[in-house]
Amino acid sequence: MSDILSELAEVLEQRKGADPDSSYVAKLYAKGMNKILEKVGEEAVEVIIAAKDNDKDNLVYETADLWFHSLVMLAQAGLHPDDVLNELGRRFGLSGIEEKASRMEKN
């Protein structure tokens, strides 16, 4: 599963140097983080609507859009999908209550 994330991350990195007229992702990068965040928010709302409507096909489609735009956001921030996967791995086996408590101790 993480193979596709790594491949996509590589393509997203390549798009950072692409002409914005030649690539949707390059155009997002050129517009900056605020535009990327706007897209992440838009896609999140569409995921919520699809889930609320119990439209499973659309839920999968919109979740793919949300994940894609989240990966663009991570790349813009200098992060890789492995950073998120590593965090999920760290949390695996922890109860949600314990994990949240550990974050509260840091703040």
Using a 4.5 Å cut-off on heavy atoms from C-beta on, say whether the side chain of [Y] contacts that of [X].
{"X": "Leu74", "Y": "Val84", "answer": "yes"}
{"X": "Glu42", "Y": "Val45", "answer": "no"}
{"X": "Asn54", "Y": "Lys56", "answer": "yes"}

Salt bridge (charged side-chain N to carboxylate O under 4.0 Å, His left out) with Glu46: which residues, sequence neighbours excluded? none
Is a side-chain N or O of [X] found less than 3.5 angstrom from the main chain of [Y], in a donor-acceptor match?
{"X": "Asn58", "Y": "Asp55", "answer": "no"}
{"X": "Ser6", "Y": "Asp3", "answer": "no"}
{"X": "Lys16", "Y": "Ala75", "answer": "yes"}
{"X": "Asn86", "Y": "Asp82", "answer": "yes"}
{"X": "Tyr29", "Y": "Leu12", "answer": "yes"}

Nearest heavy atoms of [X] and [Y], plus distance in Å:
{"X": "Val40", "Y": "Leu66", "value": "O-CD1, 3.6 Å"}
{"X": "Pro20", "Y": "Ala30", "value": "CG-CB, 3.8 Å"}
{"X": "Leu28", "Y": "Val72", "value": "CD1-CG1, 4.3 Å"}
{"X": "Ala26", "Y": "Ser23", "value": "N-OG, 3.1 Å"}

Using the ring pair (Phe, Tyr, Trp, His ring centres under 6.0 Å) criterion, which residues pair with Tyr24? Sequence neighbours excluded. His69
Approximate separation, where rounding is to 0.5 Å, of [X] [atom1] and [Y] [atom2]:
{"X": "Glu87", "Y": "Arg90", "atom1": "CD", "atom2": "CZ", "result": "4.0 Å"}
{"X": "Lys35", "Y": "Gln76", "atom1": "NZ", "atom2": "CD", "result": "13.5 Å"}
{"X": "Glu43", "Y": "Tyr61", "atom1": "CD", "atom2": "OH", "result": "8.0 Å"}
{"X": "Lys27", "Y": "Arg15", "atom1": "NZ", "atom2": "CZ", "result": "13.5 Å"}
{"X": "Ile4", "Y": "Leu71", "atom1": "CD1", "atom2": "CG", "result": "10.0 Å"}

With a 4.5 Å cut-off on side-chain heavy-atom distances among I, L, V, M, F, W and Y, is there a chain of contacts connecting Leu5 to Leu88? yes
Is Trp67 reachable from Ile49 through a run of hydrophobic residues whose side-chain heavy atoms are each under 4.5 Å from the next? no
Begin from the C-alpha positions of Leu37 and Met33 and carry the test side-chain contact (heavy atoms from CB on, under 4.5 Å) through to its verdict. CA-CA 6 Å; Leu37 296 174; Met33 186 61 97; 3.8 Å; yes
Asp19 atom CG, over 12 foreign heavy atoms within 6.0 Å: yes
